[in-house]
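Since the structure comes first, as structure tokens, the remarks are kept for the end.
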Amino acid sequence: LNISKASTIGTVHIIDPATTARKPVNPGKFLIILVFTFLGAVSSVIFILAKTALIRGVNSAEMLEDIGLNVFSSVPVSLWQHKKHHTGTKSSPTGGLLALENPADCAIEALRNLRTSLHFTMLEAGSKVLMISGASPDVGKTFISSNLAAVITQVGKKVLYIDADMRRGYSHILFNKMNEFGLSDILAGTVEFSSAIHNTAVEGLDIITRGKIPRNPSELLLREECAGLLEWASKKYDVIILDVPPILAVTDAAIIGKYAGVSLLVAKFEMSTVREMESSIQIFARHNISVSGVILNSVINRTSNYYNYGKYAYYKYESASH
């Protein structure tokens, strides 16, 4: 039986050998790439439109002019300064003025235009005191005021820059000066006016730093030493620039604003809101202080693409114990 089984001839025959196709039947790579490219483009457009719709901040000078505010200048964001100060994971104030390190920057050119506008405004006001504030923290008021002070000196003016933000002021870092004594010490009556003045690397520009952080900054501004300081400085300087805290955070700006002939608010592009600006104007109006205009800071050109520079650092105003 085994011999008979082994001798049996099979009936299966190979008619054609198997062939391999040049292209796989599945998956369809071209179709997959085409479909997902289309879905990616559509989802990107939807994301951009949704993000743009959610932005409630001021994104043009016209938005401020529509509520009756005079926009003195639109200062573009400085790419050069951004690369210098934001190379790490967290930004912090560093020394140096953009007006000195890169005087040809587009932001400094905008401040030169602002200088021209302020010249005639201050002549009409008949005052040498310019106050620069903001609605909320991190709008760039110190950047504007310090670099504007340096720009004004370039036309032969003698300028005194006063860091009136006795809570969070950092002008001593910008100008690389010691902060052993300053405005808070002057108002407390422990330092003479002339003794608290620091000379800077900018010819014609002197500064008064914030001094030691006091327990009661607002109360110090109500003292007669504040008016005495500005009266004394007006006799020795052509322009006095006051860098004051945000009006919606603390009341310091409303107190010191009565000494200023010209008051300006700084609004940050896509960060400050129209409601914040209206509230700030109302607070100043309740204290009989007229805001001359607004400076729109950190303006970003979005004509070619939508981009941003990440989250800005946030800090809170509060009274310090020392």
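We count residues from 1, following the sequence as given.
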Check the pair Phe181 / Ile186 against side-chain contact (heavy atoms from CB on, under 4.5 Å), numbers first and verdict last. CA-CA 8 Å; Phe181 45 80; Ile186 292 176; over 6 Å; no

With rounding to the nearest 0.5 Å, note down the distance linking OG in Ser78 to CD1 in Ile108. 7.5 Å

Could you report the tightest heavy-atom contact between Lys268 and Ser298, atom names first, then the distance? CE-OG, 3.7 Å

Min side-chain heavy-atom separation Ile300-Glu270 under 4.5 Å: no

So does Glu224 have more than 12 non-hydrogen atoms from other groups sitting under 6.0 Å from CD? no

Using side-chain heavy atoms (C-beta onward) and a distance below 4.5 Å, is Leu111 in contact with Ser73? no

Under 3.5 Å, is there a donor-acceptor pair between the side chain of Asn216 and the main chain of Glu219? no

How long is the straight-line distance from CZ of Phe72 back to OG of Ser117, given to the nearest 0.5 Å? 6.5 Å

How far does CG of Leu69 sit from CD of Glu278, to the nearest 0.5 angstrom? 8.0 Å

Could you give all pairs that pass the side chain to side chain donor-acceptor pair (under 3.5 Å) test and reach residues 178-206, with sequence neighbours left out? Asn179-Thr209, Asp206-Tyr237

Backbone of Phe143 reached by a side-chain donor or acceptor of Asn147 within 3.5 Å: yes

Side-chain donor-acceptor contacts of residues 239-258 below 3.5 Å, not counting sequence neighbours, with atom names and distances?
{"unit_1": "Asp243", "atom_1": "OD1", "unit_2": "Lys141", "atom_2": "NZ", "d": "2.9"}
{"unit_1": "Asp243", "atom_1": "OD2", "unit_2": "Thr142", "atom_2": "OG1", "d": "2.8"}
{"unit_1": "Asp243", "atom_1": "OD2", "unit_2": "Tyr161", "atom_2": "OH", "d": "2.7"}
{"unit_1": "Asp252", "atom_1": "OD1", "unit_2": "Arg167", "atom_2": "NH1", "d": "3.1"}
{"unit_1": "Asp252", "atom_1": "OD1", "unit_2": "Ser218", "atom_2": "OG", "d": "2.7"}
{"unit_1": "Asp252", "atom_1": "OD2", "unit_2": "Arg167", "atom_2": "NH1", "d": "2.6"}

So if you build clusters from Ile, Leu, Val, Met, Phe, Trp, Tyr with side-chain heavy-atom gaps below 4.5 Å, do Ile152 and Leu123 land together? no

I need the Leu205 CG to Lys157 NZ distance, nearest 0.5 Å. 14.5 Å

Are Val266 and Leu296 close enough that some pair of their side-chain heavy atoms sits under 4.5 Å apart? no

Over all atoms of both residues, closest heavy-atom pair of Val299 and Ser74: CG2-CB, 4.1 Å

Shared ILVMFWY cluster between Ile283 and Ile281, side chains joined below 4.5 angstrom? yes

Which atom pair, heavy atoms only, marks the closest approach of Gly156 to Asp238? O-OD2, 4.3 Å

In chain order, what residues pass the ring-ring contact (aromatic ring centres under 6.0 Å, His included) check against Phe47, with sequence neighbours excluded? none

Ser263 versus Ser290, closest heavy-atom pair with distance: CB-O, 3.9 Å

Which heavy-atom pair separates Leu221 from Cys226 by the least distance, and what is that distance? O-CB, 3.6 Å

Minimum heavy-atom separation for Val129 to Ala260, with atom names? CG1-CA, 3.7 Å

Would Leu130 and Val155 show up in the same hydrophobic cluster when neighbours are defined by side-chain heavy atoms closer than 4.5 Å? no

Assigning hydrophobic clusters by single linkage (Ile, Leu, Val, Met, Phe, Trp, Tyr; side-chain heavy-atom cutoff under 4.5 Å), is Val191 placed with Phe175? no

Between atom CG of Asn59 and atom CD of Glu62, what is the distance when rounded to the nearest 0.5 Å? 9.5 Å

With a 4.5 Å limit on heavy-atom distance, are the side chains of Leu148 and Ile132 in contact? yes

Decide yes or no for Tyr170 and Ile173: does some side-chain heavy atom of the first lie under 4.5 Å from some side-chain heavy atom of the second? yes

As an exercise, state the distance from CG of Leu230 to CE of Met131, rounded to the nearest 0.5 Å. 11.5 Å

Would Val159 and Val202 count as a side-chain contact (heavy atoms from CB on, under 4.5 Å) here? Give the steps. CA-CA 10 Å; Val159 181; Val202 182; over 6 Å; no

Taking it one step at a time, do Arg112 and Gln154 satisfy side-chain contact (heavy atoms from CB on, under 4.5 Å)? CA-CA 10 Å; Arg112 291 191 178 98; Gln154 296 173 358; 3.6 Å; yes

Can you confirm whether Met271 sits close enough to Val58 that some side-chain heavy atom of one is under 4.5 Å from a side-chain heavy atom of the other? no

Report yes if some heavy atom in the side chain of Ile162 is under 4.5 Å from a heavy atom in the side chain of Leu183; otherwise report no. yes

Test your reading of the model: is there a side-chain donor-acceptor pair from Arg210 to the backbone of Asp163, 3.5 Å cut-off? no

side-chain contact (heavy atoms from CB on, under 4.5 Å) between Ile144 and Val75: does it pass, once the steps are laid out? CA-CA 9 Å; Ile144 295 293; Val75 180; 3.9 Å; yes

Would Val71 end up clustered with Met277 when hydrophobic side chains under 4.5 Å apart are linked, directly or stepwise? yes

Ile207 vs Leu160 side-chain heavy atoms within contact, under 4.5 Å: no

